[in-house]
Structures are given as structure tokens and as C-alpha cells.
Visitor: 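Quick one: the structure is below, and I'll ask about it shortly.
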Amino acid sequence: MTLDCTGRGVKRASTPVIAMLAADDLAARRIESALTADGLRVAVRAHRTAQIRAGDGAEPDVLIVGCGRGVTQRDQQMRRMHRSLPQTRLVAVMPEDSRRGVRRALEAGADAVVFETELESTLSLAVRSVIAGQTVVPAAGRLELDRPTLSTREKQVLRMVVEGMSNKSIAGELYLAESTVKCHLSSAFSKLGVRSRNEAADMILHSSSGTGAGVLAAAPVAS
């Protein structure tokens with residue numbers, strides 16, 4: 001085993017151990033068929049987290065997660081998988097989404113994103129690529145691989161959101177107009193690909209990237 005730039009193990013086994021978590025039987029059959037056509041096979045089929053580990057208790061090399069249309073539920077599921085299986089590469093198979101949706105999946109811990117419409121042509125390539133330590137996204141989402149760049153003020157405001165402060169309280173703390181706080185939040189939400197304070201706080205507290213740490217470390221400075 002070698003290490004990639006994240007410090008996670010890069011498996012070199014000729015026959016990777018692939019697990020699949022898919023509640024939808026049709027999606028499960030498509031996933032298995034796509035892998036079989038390229039000489040790969042699913043070793044562990046699971047309907048819940050407790051079933052994912054192999055018989056010897058070891059983590060699989062790759063976990064393919066069949067995601068539904070609920071974005072928040074999908075992201076929470078990916079974060080749970082990432083925490084439970086830190087050495088396993090995660091491949092999210094999901095409905096075609098926007099670039100922001102792709103970024104959210106990556107922030108939640110996915111190593112690869114495969115759209116359901118492209119499953120047969122891209123899934124096995126994505127599996128082989130993540131085993132080699134690569135990150136894989138649809139072509140339309142390639143610009144989302146970089147972390148979102150938040151301004152200092154956006155980080156300050158988001159940190160206070162995580163602490164449970166209202167817009168009015170944040171405005172008073174930073175000596176800003178409440179409308180200005182709303183503008184900073186709107187800009188930050190757009191960059192993070194979230195739609196609410198709760199989603200932003202969840203991403204910041206559980207993100208696998210450095211975004212959350214950067215926000216939580218931001219010190220409020222009066223203007």
C-alpha cells in the first residue's frame with residue numbers, strides 16, 4: 001500500500017474488495033451489471049451501514065453508494081460513511097445534479113461522483129480511478145474540485161451562524177447593518193452550495209475538507 005496526498009492508503013490489490021449500499025433493487029442491479037461488464041464484482045451487498053464491512057471486519061477498498069434525490073439526506077449519509085470507513089474510497093451514484101450539487105457531494109466525503117445517466121459507461125472507470133488515488137467527477141463538475149473561497153467576513157458570519165447567533169446578533173457583534181449580514185450569508189451559501197443556515201452549519205461541522213476548520217478559526221473583527 002502507498003499513500004496519496006491526503007494520507008489515505010492507495011490500494012494496489014489486483015482484485016479490489018467492492019461494497020455496495022443501495023436500497024433500490026433496480027439501482028443495485030445496474031451497478032452490478034456495469035461492474036461485471038468490466039471484470040469487477042461486488043463482494044459485499046448492504047442495505048445498511050452495519051453490513052458494509054467484509055466478513056473479516058476489514059473495510060472494503062471501495063464503497064458504491066446509490067443516492068436518492070434528497071440532497072441533504074445524501075450528504076449526511078456520505079458524511080456518516082466517511083467517518084465510519086475512513087480508509088474506504090466512496091463513489092456516489094446519484095441523479096444528474098448541478099455543479100454545486102457535485103461540490104456538496106465531494107465536501108461530504110465522496111471520492112467520485114457518477115451520474116445515474118452515465119452509470120454504464122463511467123462507473124467501472126470511476127472505481128478503478130479512486131483505487132489509484134484519483135478524484136473523479138463528471139466533466140461538467142470539474143470546476144468544483146477546488147475548495148470554495150470564502151472572504152474573511154463570510155467566514156466570521158458563518159462561524160457565528162454555527163454558534164447559533166441570529167442575523168441581528170451578528171450585525172451587532174460586527175457593527176454591520178443586518179442587511180449586510182444577509183448579503184454575506186447569501187454569498188457564502190452560494191459558494192458552499194447550501195440553501196439554509198442548518199445546511200451551512202452541518203457542512204462546516206462535518207466537512208472532510210478544510211473549509212469547516214477555516215470558518216471555525218475565523219475571529220470576529222469589528223469593522
Side-chain angles (χ1 to χ4, degrees), residues 1-97 101-138 141 206-209:
M1 177 189 293
T2 60
L3 297 179
D4 68 1
C5 60
T6 67
R8 296 170 65 189
V10 177
K11 304 288 187 177
R12 298 300 183 189
S14 58
T15 305
V17 177
I18 301 173
M20 174 180 63
L21 180 64
D24 186 311
D25 289 337
L26 176 59
R29 288 196 296 271
R30 286 187 64 196
I31 289 170
E32 290 197 83
S33 178
L35 295 176
T36 300
D38 197 37
L40 299 172
R41 72 179 188 88
V42 174
V44 181
R45 300 165 182 79
H47 292 285
R48 59 180 185 274
T49 308
Q51 301 172 326
I52 292 172
R53 290 182 181 272
D56 58 0
E59 290 187 29
D61 297 321
V62 179
L63 172 61
I64 301 171
V65 183
C67 305
R69 295 189 176 277
V71 175
T72 300
Q73 182 180 6
R74 177 200 71 198
D75 293 347
Q76 291 174 345
Q77 181 186 36
M78 294 302 297
R79 290 190 183 100
R80 288 195 300 270
M81 298 299 98
H82 185 68
R83 290 196 296 269
S84 300
L85 304 164
Q87 297 301 318
T88 297
R89 303 289 174 173
L90 302 179
V91 177
V93 177
M94 64 191 209
E96 190 163 350
D97 206 341
V102 171
R103 182 170 67 196
R104 286 188 57 163
L106 295 175
E107 287 280 342
D111 295 288
V113 171
V114 174
F115 289 156
E116 291 174 348
T117 53
E118 303 170 348
L119 191 155
E120 281 75 17
S121 61
T122 62
L123 179 60
S124 61
L125 292 174
V127 168
R128 295 184 188 280
S129 295
V130 297
I131 291 172
Q134 305 298 306
T135 298
V136 182
V137 298
H206 301 110
S207 174
S208 60
S209 74

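Only this structure's heavy atoms are used, side chains among them; waters, hydrogens and symmetry mates stay out. For reference, positions follow the sequence shown, starting with 1.
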Visitor: Are the side chains of Pro86 and Glu59 in touch, meaning some heavy atoms are under 4.5 Å apart?
Guide: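 Yes, at least one pair of side-chain atoms sits under 4.5 Å.
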Visitor: Let me confirm one number: the CD-CE distance from Glu107 to Met78, rounded to the nearest 0.5 Å.
Guide: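 It is 12.5 Å, given to the nearest 0.5 Å.
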Visitor: If you look at every heavy atom in Phe115 and Pro95, which pair is closest and at what distance?
Guide: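 Nearest heavy atoms, Phe115 then Pro95: CD2-O, 3.8 Å.
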Visitor: State the CD1-CD distance between Ile31 and Glu120, to the nearest 0.5 angstrom.
Guide: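 Here the rounded value is 10.0 Å.
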Visitor: Is the side chain of Asp111 donor-acceptor paired with the backbone N or O of Leu90 at a distance under 3.5 Å, no angle test?
Guide: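 Side chain of Asp111 to backbone of Leu90, a donor-acceptor pair under 3.5 Å: yes, one is there.
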Visitor: With rounding to the nearest 0.5 Å, note down the distance linking CG in Leu125 to CD in Gln134.
Guide: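 Taking CG in Leu125 and CD in Gln134, the distance rounds to 12.5 Å.
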Visitor: Given side chain to side chain contact (heavy atoms under 4.5 Å, CB included), test Leu21 with Met81 step by step and report yes or no.
Guide: CA-CA 10 Å; Leu21 180 64; Met81 298 299 98; 3.9 Å; yes
Visitor: State, to 0.1 Å, how close Val44 and Val42 come at their nearest heavy-atom pair, and which atoms those are.
Guide: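 It is O-CG1, 3.3 Å.
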Visitor: Between Arg30 (side chain) and Glu116 (backbone), is there a donor-acceptor pair under 3.5 Å?
Guide: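 Answer holds: yes.
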Visitor: List the atom of Ala46, the atom of Ile52, and the distance in Å for their closest heavy-atom pair.
Guide: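 Shortest heavy-atom contact: CB-CG1, 4.0 Å.
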Visitor: Kindly compute the distance separating CG (Leu123) from CG (Leu35), expressed to the nearest 0.5 Å.
Guide: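 It comes to 4.5 Å.
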Visitor: Nearest 0.5 Å, what's the CG-CD1 distance between Leu40 and Ile131?
Guide: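 Between atom CG of Leu40 and atom CD1 of Ile131 there are 7.0 Å.
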Visitor: Examine distances only and state if a side-chain atom of Thr36 and a backbone atom of Glu32 form a donor-acceptor pair shorter than 3.5 Å.
Guide: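 Answer holds: yes.
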Visitor: Report the distance from atom CZ of Arg89 to atom NE2 of His82, rounding to the nearest 0.5 Å.
Guide: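 Atom-to-atom, Arg89:CZ and His82:NE2 are 10.0 Å apart.
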Visitor: Looking at every non-hydrogen atom in both residues, tell me the closest pair between Ser124 and Ala34 and how far apart they are.
Guide: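 Taking Ser124 first and Ala34 second, the nearest heavy atoms are CB-O, 4.4 Å.
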Visitor: Please report the shortest heavy-atom distance between Asp61 and Pro16, naming the atom on each side.
Guide: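 Reported closest heavy-atom pair: OD2-CA, 3.2 Å.
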Visitor: So for atom CZ, which belongs to Arg83, do other residues, nucleotides or ligands contribute more than 12 heavy atoms lying within a distance under 6.0 Å?
Guide: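 Atom CZ in Arg83 is packed in, count exceeds 12.
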Visitor: Considering all heavy atoms of both residues, which atom of Arg74 and which atom of Ala105 are nearest to each other, and what is their separation?
Guide: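 Reported closest heavy-atom pair: NH2-N, 3.9 Å.
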